[in-house]
Amino acid sequence: MTRDWKSLLRESKGLLVAICLSLFLHLFLLGQAYLVLPEFGEDHYQISARLMVPEPKKIITETKKEIIQKQEPKQISEPDPEPAQPASEGPAEPNQRPAEAESIPVTEPPTPAEPTTEQAPPVPEIKPDDAGLIDKPNPYKYVETDFDVRTDINAKVNDRPTGKAKIVYNLIRSGEGYEISSLIQAQGLVALVIPDLLQTSKGYLTDTGLRPIDYLYQFGDKKDKTYTAKFDWETNKLNMHSTKGDKQAPLVEGAQDLLSFMYQFMFVPPLENMQLAITNGKKLDTYDYSFEGEEVIQTKMGDVKTVHLLRSSKDDEKDELWLALDYQYVPVKIRKTEKENKVYELLAISIKTEKPPI
């Protein structure tokens, strides 16, 4: 009889395991269950299970705490400004939290800025040392311009020139002084009969622009075509020298020579001063220029926007300048019309510039 019971128990072992697993799963789903197998033998099993269900109040408390902990970082990192309140109700109090969260210690979020109307950025304070820098031009440190020389006023841009010219403007001694040189040379057979024309101007830089000291006009090696002018600003005298002798003239403020006056427009725009005292080494004259308008001229560099200035004299001679608007009024076209409509014209073919550091 004992053997039959044991045999029946072995045969029903699978059914018993299935019942235990089903019971375990039900306990696990309803709460918490665990299986204890202290003694694992051939003939018997010991199974124990415990049902552990969290109290409802604890679940609610933890859920509320989790919600608040998820909301608090959002208020700290991205504070929402309080909506504006009507004047009769008074301003809203910042950092007002829900009532249910008061019992939970949390880090107080920073006070959000009160909503204000959008304001323009503050205007930077201007110091006395910086006042002169406002809208003050920053003229070139170096300008090198190559020209085609033409004697036909109707010549086209790509027509063969009769000569070449180069004018170089350069600041020296750390910007305290300047030098300008101009060399005009004929080409071809014309160069055999027409010598080079050299002009130089030297001086220093002031708050009002260029102030010449020495000027030279030299046409080849002909002594009778060589003129010099020295500007004595201490005595306000202009001393001029040629083969015909020495001359003096009263030196007025702002006086220039034939080279310096063309680059003085970088410092004083042309329409601000159309009357200049200019020397050619032989005499000192007052040049009255008229504004002929803005023109776009054709060059080998392309079209250039310019300001056209004209000076006429009683003997039908004309001096004309075209100053480039995009190059700080640097001359890009220079024309001199002498008696009997004899024309000499310089038309720029290239410009190299360099600005000093601000």
Side-chain angles (χ1 to χ4, degrees), residues 132 135-140 143 167-173 175-182 197-219 225-292 307-323 328-331 334-338:
D135 295 332
K136 184 176 181 180
N138 186 27
Y140 293 121
V143 182
I167 302 180
V168 177
Y169 163 89
N170 187 28
L171 293 183
I172 59 175
R173 298 192 300 273
E176 296 178 358
Y178 79 89
E179 291 180 346
I180 307 174
S181 64
S182 171
L197 174 59
L198 174 66
Q199 295 181 81
T200 62
S201 175
K202 299 178 181 179
Y204 54 92
L205 200 59
T206 69
D207 293 337
T208 58
L210 304 181
R211 176 166 284 189
I213 297 295
D214 293 302
Y215 170 73
L216 169 67
Y217 178 99
Q218 184 176 356
F219 189 57
K225 296 292 183 180
T226 300
Y227 314 103
T228 61
K230 293 186 179 295
F231 297 73
D232 189 346
W233 294 102
E234 293 183 359
T235 61
N236 290 327
K237 296 291 185 181
L238 177 66
N239 300 304
M240 295 168 284
H241 175 77
S242 68
T243 55
K244 295 182 179 180
D246 296 335
K247 292 182 180 180
Q248 273 192 350
L251 191 58
V252 299
E253 186 65 28
Q256 303 290 327
D257 57 55
L258 281 180
L259 274 182
S260 64
F261 93 96
M262 293 189 293
Y263 291 86
Q264 172 68 4
F265 292 120
M266 287 194 298
F267 302 88
V268 181
L271 299 183
E272 293 186 14
N273 186 10
M274 301 291 285
Q275 189 177 72
L276 296 171
I278 300 175
T279 181
N280 59 2
K282 296 185 294 182
K283 57 183 178 179
L284 180 67
D285 280 341
T286 299
Y287 284 52
D288 291 315
Y289 281 92
S290 62
F291 174 62
E292 298 299 305
V307 172
H308 182 193
L309 304 182
L310 170 65
R311 179 224 176 205
S312 300
S313 61
K314 297 179 181 179
D315 51 4
D316 295 332
E317 291 189 355
K318 296 179 181 179
D319 294 298
E320 296 176 84
L321 288 175
W322 284 262
L323 309 175
Q328 296 190 11
Y329 299 109
V330 168
I334 306 168
R335 180 188 293 170
K336 183 173 182 61
T337 304
E338 297 181 346

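Any value given below was found using the heavy atoms of this structure, including those in side chains, with hydrogens, waters and symmetry copies removed. Computed from a prediction, not measured in an experiment: that's the story for all the values here.
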Checklist outcome for this item: Nearest heavy-atom approach of I167 to S182 is CG1-OG, 3.7 Å

Checklist entry - What's the shortest heavy-atom distance between M240 and A249, and which atoms? => result CE-CB, 4.0 Å

Next on the checklist: Measuring only between side-chain heavy atoms, which start at C-beta, is T208 closer than 4.5 Å to V268?
Outcome noted: no

Checklist entry - Is the closest side-chain heavy-atom distance between Y287 and Q256 below 4.5 Å? => result no

Checklist entry - Taking atom NZ of K202 and atom CG of D214, what is their separation to the nearest 0.5 Å? => result 7.0 Å

Checklist outcome for this item: Rounded to the nearest 0.5 Å, the CG atom of D232 sits from the CG atom of L251 at a distance of 8.0 Å

Item to check | Nearest heavy-atom neighbours spanning T279 and Y215 | outcome: O-CE2, 4.4 Å

Checklist entry - Going by the angle between their ring planes, with limits at 30° and 60°, are F261 and F265 parallel, tilted or perpendicular? => result perpendicular

Checklist entry - What is the minimum heavy-atom distance between G203 and R173, and which atoms define it? => result O-NH2, 3.7 Å

Next on the checklist: Under the criterion side chain to side chain contact (heavy atoms under 4.5 Å, CB included), I'd like the reasoning laid out for M266 against Y140: C-alpha separation, chi angles, the key distance, then a yes or no.
Outcome noted: CA-CA 8 Å; M266 287 194 298; Y140 293 121; 3.8 Å; yes

Checklist entry - How many angstroms lie between CD in E179 and CD1 in I213, if you round to the nearest 0.5 Å? => result 12.5 Å

Item to check | Any donor-acceptor N/O pair, Q328 side chain to N138 backbone, under 3.5 Å | outcome: yes

Checklist outcome for this item: In short, P139 meets F267 closest at the heavy-atom pair CG-CE2, 3.3 Å

Checklist entry - Do Q264 and S260 meet the criterion of a side-chain donor-acceptor pair at a distance under 3.5 Å? => result no

Next on the checklist: Between W233 (side chain only) and E253 (backbone N and O only), is there a donor and an acceptor less than 3.5 Å apart?
Outcome noted: no

Item to check | Whether Y227 and Y217 hold their rings parallel, tilted or perpendicular, with breakpoints at 30° and 60° | outcome: tilted

Checklist entry - Considering only heavy atoms from C-beta outward, does the side chain of M274 approach that of F291 to under 4.5 Å? => result yes

Checklist entry - Take atom NZ in K336; do more than 12 heavy atoms of anything else shown fall under 6.0 Å from it? => result yes

Item to check | Side chain proximity check, P269 to Y329, heavy atoms < 4.5 angstrom | outcome: yes

Checklist entry - Could you go step by step and tell me if I180 and T200 meet the side chain to side chain contact (heavy atoms under 4.5 Å, CB included) rule? => result CA-CA 6 Å; I180 307 174; T200 62; over 6 Å; no

Next on the checklist: Contact between L216 and T226 at the side-chain level, heavy atoms closer than 4.5 Å - yes or no?
Outcome noted: yes

Checklist entry - Is H308 close to E320 at the side-chain level, that is, under 4.5 Å between some pair of heavy atoms? => result yes

Checklist entry - For the atom pair CG (L210) and OG (S201), what is the distance rounded to the nearest 0.5 Å? => result 7.5 Å

Item to check | Nearest-0.5 Å distance that lies between atom OH in Y289 and atom CD1 in I278 | outcome: 4.5 Å

Checklist entry - Roughly how far apart are E292 CD and R311 CZ, rounded to 0.5 Å? => result 14.0 Å

Checklist entry - So, for P250 and L284, which heavy atoms are closest and what is the spacing to 0.1 Å? => result O-CD2, 3.5 Å

Checklist entry - Would you find a donor on one side and an acceptor on the other, under 3.5 Å apart, between the side chain of D257 and the backbone of L259? => result yes

